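Worksheet for the structure shown next.
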Amino acid sequence: MKPRLRFAPSPSGYLHIGGARTALFNWLWARNQGGLFVLRVEDTDQERSSLDSVKAILDAMRWLGIDWDEGPEVGGPEKYGSYFQSERKAVYREHTERLIGTGHAYRCYCTKEELDRAREELKARNPKAQFVYPGTCRYRKDQPDLPFVVRFKSPQEGSTDFVDKVFGPITTPNKAQQDFVLVRTDGYPLYNLAATIDDHLMDITLVVRGRDHIGNTPQQVLLYRAFGWEPPEFAHLPMMLSPKGEKLSKRHASVSVDEYRERGYPPAGVLNYIVRFGWSSGDQEIFSRDELVQKFGWDHVNKSDGKFDEKKFADVAFEHLKRPELTPLADYAKNVRPFLAERGLASPSDAELTAAIPGVRERARTYKDAASDLDFYFRDVPEVDPKAREKLLGPEAAARLVELSATLEGLEPWDAAALEAQARQWCEARGLAVKDVAQPARVALTGRSASPPLFEVMVVLGKARTLARLKRAPSLIPA
RNA sequence: GUCCCCAUCGUCUAGCCGGCCCAGGACACGGCCCUUUCAAGGCUGUAACACGGGUUCGAAUCCCGUUGGGGACGCCA
């Protein structure tokens with residue numbers, strides 16, 4: 001059978017960068033193997049789940065270019081049913097009954113209040129101790145009128161083992177296992193139960209998830225066995241921690257995928273960074289999406305956690321922006337447009353935009369920066385940075401620019417080489433250093449002290465606008 | 001507290017089935033070059049096998065211990 005992988009987010013917020021990484025590893029392997037990638041929404045916690053979150057997560061996945069073969073909005077074979085766990089209650093109920101029937105699970109009538117109290121009392125006596133459910137209801141008779149949860153009857157002897165594709169064999173003594181809850185009082189299944197049933201029913205062959213799930217894998221293996229099912233394979237990923245080595249949170253970096261989009265990072269760059277985090281292919285750092293699919297494998301997935309590095313991330317993303325083979329001009333143009341609009345610039349034509357992009361490509365680290373660098377091209381009158389003007393554009397220099405514009409008037413052809421030759425000659429004839437003219441010209445043309453190469457700017461701007469901006473130079477100086 | 005896991009430059013990592021490694025790449029940081037600006041680019045420098053025992057002719061690589069770090073132990077996922 002073809003491999004079937006899945007990503008199963010719980011819709012209680014945006015798509016977390018760590019979640020995106022989990023989704024990516026699943027997706028990469030599915031694509032590499034010609035298997036199927038399933039998206040399943042784990043919304044059994046009614047309190048926290050929302051449709052808005054589902055939408056946000058789907059949008060973020062689409063932006064990253066991680067597409068799913070089965071799941072919300074695309075459906076799937078009839079036999080797999082809904083890809084929303086909240087719509088699968090009947091399935092869980094039926095399977096729970098089965099477990100109770102075979103003696104693998106039982107109803108527990110202890111209330112949350114009683115248990116919480118016991119937990120607190122224990123804590124008061126011994127702050128370090130951990131409450132373990134004592135199995136009070138294991139052999140209790142059914143109480144038809146009382147609310148109950150369903151607990152799994154964990155074995156107390158032996159051990160539960162599984163072989164992880166990343167970590168190798170993992171053994172957990174069963175005595176470390178308590179009678180964990182399968183179904184809540186409100187009838188909704190808990191994670192371990194729902195995930196196990198769904199992974200089996202949806203024919204998932206390999207479960208890839210964060211290392212924080214290693215601990216409940218034995219519980220799930222126990223469940224598979226209780227149902228008489230063969231567990232799938234498991235692969236756990238090392239965690240992506242904050243620069244300080246703590247759990248990654250808003251304090252340290254952007255954790256929402258949306259933020260990366262808003263900050264102007266290219267999706268393929270984001271993917272590249274998060275996959276190289278924990279996986280490698282020799283010394284190669286930069287990969288296209290296709291290359292990732294082709295080269296990905298489990299042999300070189302690391303076991304140890306790592307710390308997120310903003311600088312490295314930015315560099316990887318930048319690398320994608322710089323290389324035309326990774327970000328073709330047309331894509332670059334398409335992606336920079338929203339940021340141009342954000343600055344209140346009217347949409348330039350594709351021709352204008354693609355002519356201007358090569359000049360900013362190797363200096364703009366994000367699409368947002370690119371929009372900023374491109375800004376002066378698309379305003380009738382560029383915004384002038386006062387500092388640049390004060391430093392570089394005095395009255396004398398401005399007057400010279402007017403003179404220069406006159407000599408450029410008849411220049412043919414209007415290309416960078418001709419412009420440079422002409423300008424150099426002109427400077428030389430007057431005994432001027434090129435930079436004494438170039439810098440003031442830059443301010444007049446772009447309003448800034450830093451820009452793409454001057455003569456390229458002139459070419460992109462075109463003769464008419466270049467001359468007009470040069471002639472306007474004296475008016476830039478305040479009286 | 002119990003259980004599980006991890007350990008190469010500041011960071012991500014190569015190497016890990018032992019000799020090619022007095023440890024390679026990338027980011028960051030420093031220097032030089034290029035240069036009309038900012039970048040980009042080229043060259044270059046600083047910088048790591050956590051520690052202690054084994055095994056072996058030989059260990060970053062295998063084994064044990066110590067230390068350090070992380071995770072799990074919910075009617076969250």
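Predicted model, so just to flag it, every value in this text is computed and none were measured. As a basis for the values below, the full set of heavy atoms in this structure was taken, side chains included, without hydrogen atoms, waters or symmetry mates. Order of the sequence lines fixes the chain letters, A, B, ..., with proteins taken first and strands second; residue numbering starts at 1 for each chain.
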Could you check how far [atom1] of [X] sits from [atom2] of [N], rounded to whole Å?
X	N	atom1	atom2	answer
A:Asp161	B:C3	CG	C1'	14 Å
A:Leu321	B:A39	CG	P	17 Å
A:Asn174	B:C4	CG	P	12 Å
A:Lys307	B:C12	NZ	P	6 Å
A:Lys295	B:U13	NZ	C1'	16 Å
A:Glu114	B:C75	CD	P	13 Å
A:Arg21	B:C12	CZ	C1'	11 Å
A:Phe308	B:G10	CZ	C1'	16 Å

Nucleotide of [options] approaching [X] most closely (side-chain heavy atoms):
X	options	answer
A:Arg211	B:C75, B:U36, B:G70	B:G70
A:Asp212	B:A72, B:C6, B:U36	B:A72
A:Arg184	B:U37, B:C76, B:A77	B:C76
A:Arg48	B:A40, B:A77, B:C76	B:C76
A:Arg151	B:C75, B:G71, B:U8	B:C75
A:Tyr191	B:U36, B:C4, B:A77	B:A77
A:Glu42	B:C75, B:A39, B:A77	B:A77

Any [X] side-chain N or O less than 4.0 Å from OP1/OP2 of [N]:
X	N	result
A:Thr446	B:U37	no
A:Gln178	B:G74	yes
A:Lys303	B:G69	no
A:Gln130	B:G74	yes
A:Ser280	B:A14	yes
A:Asn302	B:A14	yes
A:His300	B:G15	yes

Looking at every strand, decide which applies to [X] at a 4.0 Å heavy-atom threshold: base, sugar-phosphate, or nothing.
X	value
A:Ser10	sugar-phosphate
A:Leu190	sugar-phosphate
A:Lys175	nothing
A:Thr44	sugar-phosphate
A:Ser304	sugar-phosphate

Pair A:Asn174-A:Thr172, side-chain donor/acceptor within less than 3.5 Å
no

Measure across A:Leu15 and A:Ile57 and return the closest heavy-atom pair with its distance rounded to 0.1 Å.
N-CG1, 4.0 Å

With a 4.0 Å cut-off on N to O distance, would you call [X] and [Y] a salt bridge?
X	Y	result
A:Asp179	A:Lys153	no
A:Glu97	A:Arg93	no
A:Lys312	A:Glu285	yes

[atom1]-based separation of [M] from [N] [nearest Å]:
N	M	atom1	answer
B:G10	B:C51	P	13 Å
B:G24	B:A14	P	15 Å
B:G70	B:U8	P	15 Å
B:U61	B:A7	P	11 Å
B:G15	B:C9	C1'	14 Å

Base of B:C3, side chain of A:Thr172 - is there a donor-acceptor contact under 3.5 Å?
no

Does A:Arg363 get its side chain close enough to the base of B:C38, under 3.5 Å, for a donor-acceptor pair?
yes

Which pairs, protein N/O on one side and nucleotides 24-27 of chain B N/O on the other, fall under 3.5 Å?
| residue | atom | partner | partner atom | Å |
| --- | --- | --- | --- | --- |
| B:G24 | N2 | A:Asp283 | OD1 | 2.8 |
| B:G25 | N2 | A:Glu285 | OE2 | 2.8 |
| B:A26 | O4' | A:Glu285 | OE2 | 3.2 |
| B:A26 | O2' | A:Lys312 | NZ | 2.6 |
| B:A26 | N3 | A:Lys312 | NZ | 3.2 |
| B:C27 | O2' | A:Lys312 | N | 3.3 |

Could you tell me if the ring centre of A:Tyr133 sits under 6.0 Å from that of A:Phe180?
no

How about A:Phe7 and A:Trp27: are their ring centroids closer than 6.0 Å?
no

Compute both the distance and the angle, then confirm whether A:Arg448 meets the cation-pi test with A:Phe376: under 6.0 Å from the six-membered ring centre, within 45 degrees of the axis.
no

Mark yes or no: A:Lys89 above the aromatic ring of A:Tyr188, with NZ or CZ under 6.0 Å from the six-membered ring centre and no more than 45 degrees from the axis.
yes

Strictly by Watson-Crick or wobble contacts shorter than 3.5 Å, is anything paired with [N], and which nucleotide is it?
N	result
B:A26	B:U11
B:C20	none
B:C43	B:G31

Counting heavy atoms not belonging to A:Glu428, are there more than 12 under 6.0 Å from its CD?
no

